[in-house]
Number of protein chains: 2
Amino acid sequence: MLFRTLADPTRRAIFERLCRQGEQTVGALTSQSGVSQPAVSKHLGVLKQAGLVRDRHEGRQTHYSAQLSALAPLMDWTRQMAGFWESRFDDLEDLLKRMDQ
Amino acid sequence: MLFRTLADPTRRAIFERLCRQGEQTVGALTSQSGVSQPAVSKHLGVLKQAGLVRDRHEGRQTHYSAQLSALAPLMDWTRQMAGFWESRFDDLEDLLKRMDQ
DNA sequence: CGAACATATATCCCTGTGGTTATACGTCAA
DNA sequence: TTGACGTATAACCACAGGGATATATGTTCG
């Protein structure tokens, strides 16, 4: 589900912005997304269902923020793939270095 | 492009199998994929274009293997998002609260 | 209350793409 | 060379889903 959710560029950009700049209203996200407000709301719904964001209602605005813990399965998957590969003899020192950072 | 490539379950399963079990022929991959051989070939083409697999021709068969170094951008992206998140004060507070629970 | 505002939902359209079958291309064996 | 085999390409279909516009829901303010 995570891959699918993050596959769309617009949606991924929204999530990245929430990671970089913290909590944002739908309006703020819309103004820099290049698509309509309903489109942004739909993307936020998908992100929320994937657990990647959480929403907080304050008056008539809704504030969204990134829920980074949801990325854990992604890191786990990547590490697992690397593990399988590594256990089958080969260098990939470069990748392992980056994983250790 | 990585997210998009790995978003499809069938294609991701093919890649995972190549990671777990090493080099495989198209026929071997097809037999356990649940879809037709042309579909598998198409998926392999997409994976190849994303740099996630390599192909090696041997007679009339083609052997595919995972090219794990292509996952590096994925790890970099994830780490970058985590970095943005941790560098923001309010989120650190949230994290600490959750750690105390 | 009524109007402006912020967001969510409904509806529809249209493209992308994953699936199929049919077929072409290359390779091995006889 | 002919035929069987392994894989790739072609042509087509069906549907998911991202986009827009229109409208509903809910909130603040005069």
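Reminder, nothing fancy here: chain letters follow the sequence lines and each chain counts from 1.
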Without decimals, in angstroms, what is the distance between [X] [atom1] and [N] [atom2]?
X     : N      : atom1 : atom2 : result
B/I14 : C/dG18 : CD1   : P     : 11 Å
B/D55 : D/dT9  : CG    : C1'   : 15 Å
A/K48 : C/dA8  : NZ    : C1'   : 11 Å
B/H63 : D/dT7  : NE2   : P     : 8 Å
A/Q61 : C/dC5  : CD    : P     : 13 Å
B/R56 : D/dA8  : CZ    : P     : 13 Å
B/Q24 : D/dT7  : CD    : P     : 11 Å
A/M1  : D/dA16 : CE    : P     : 14 Å

Query raised in the report: Which value, rounded to the nearest 0.5 Å, describes the distance between B/L18 atom CG and B/L47 atom CG?
Result: 7.5 Å

Query - Approximate separation, where rounding is to 0.5 Å, of B/L71 CG and A/M81 CE - result: 8.5 Å

Report task. Check every strand shown and say whether A/H43 touches a base, only sugar-phosphate, or nothing at a heavy-atom separation below 4.0 Å. Result -> sugar-phosphate

Query raised in the report: Base, sugar-phosphate, or nothing: which does A/A39 touch, judged by heavy atoms less than 4.0 Å apart?
Result: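 Here A/A39 touches the backbone only, sparing every base.
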
Taking the side chain of [X] as its heavy atoms from C-beta onward, which of [options] lies nearest to it?
X     : options               : answer
A/P38 : D/dA22, C/dT7, C/dT20 : D/dA22
A/V26 : D/dA8, D/dA20, C/dA8  : C/dA8
A/R60 : C/dT7, C/dG18, D/dG26 : D/dG26

N or O in side chain of [X] less than 4.0 angstrom from [N] OP1/OP2:
X     : N      : result
A/S41 : C/dT7  : no
A/Y64 : C/dA8  : yes
A/S36 : D/dG19 : no
A/T62 : C/dA6  : no
A/T25 : C/dA6  : no

Query raised in the report: Pick the nucleotide of DNA chain D nearest each of B/K42 and A/D8; which residue has the one closer to the 5' end?
Result: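 This one resolves to B/K42.
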
Query - Under 3.5 Å donor-acceptor, A/R54 side chain and A/S65 backbone - result: no

Report task. Please examine the side chains of A/V40 and A/T10, heavy atoms only from C-beta on, and report whether any two atoms are closer than 4.5 Å. Result ->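 The answer is no, as the side chains (C-beta and beyond) never meet within the 4.5 Å cut-off.
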
Requested in this report: Please say which of B/L29, B/V53, B/T30 ends up in a side chain to side chain contact (heavy atoms under 4.5 Å, CB included) with B/I14.
Outcome: B/L29

Report task. Measure distances between side-chain N and O atoms of A/Q37 and base N and O atoms of C/dA6, and say whether any donor-acceptor pair falls under 3.5 Å. Result ->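 There is none.
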
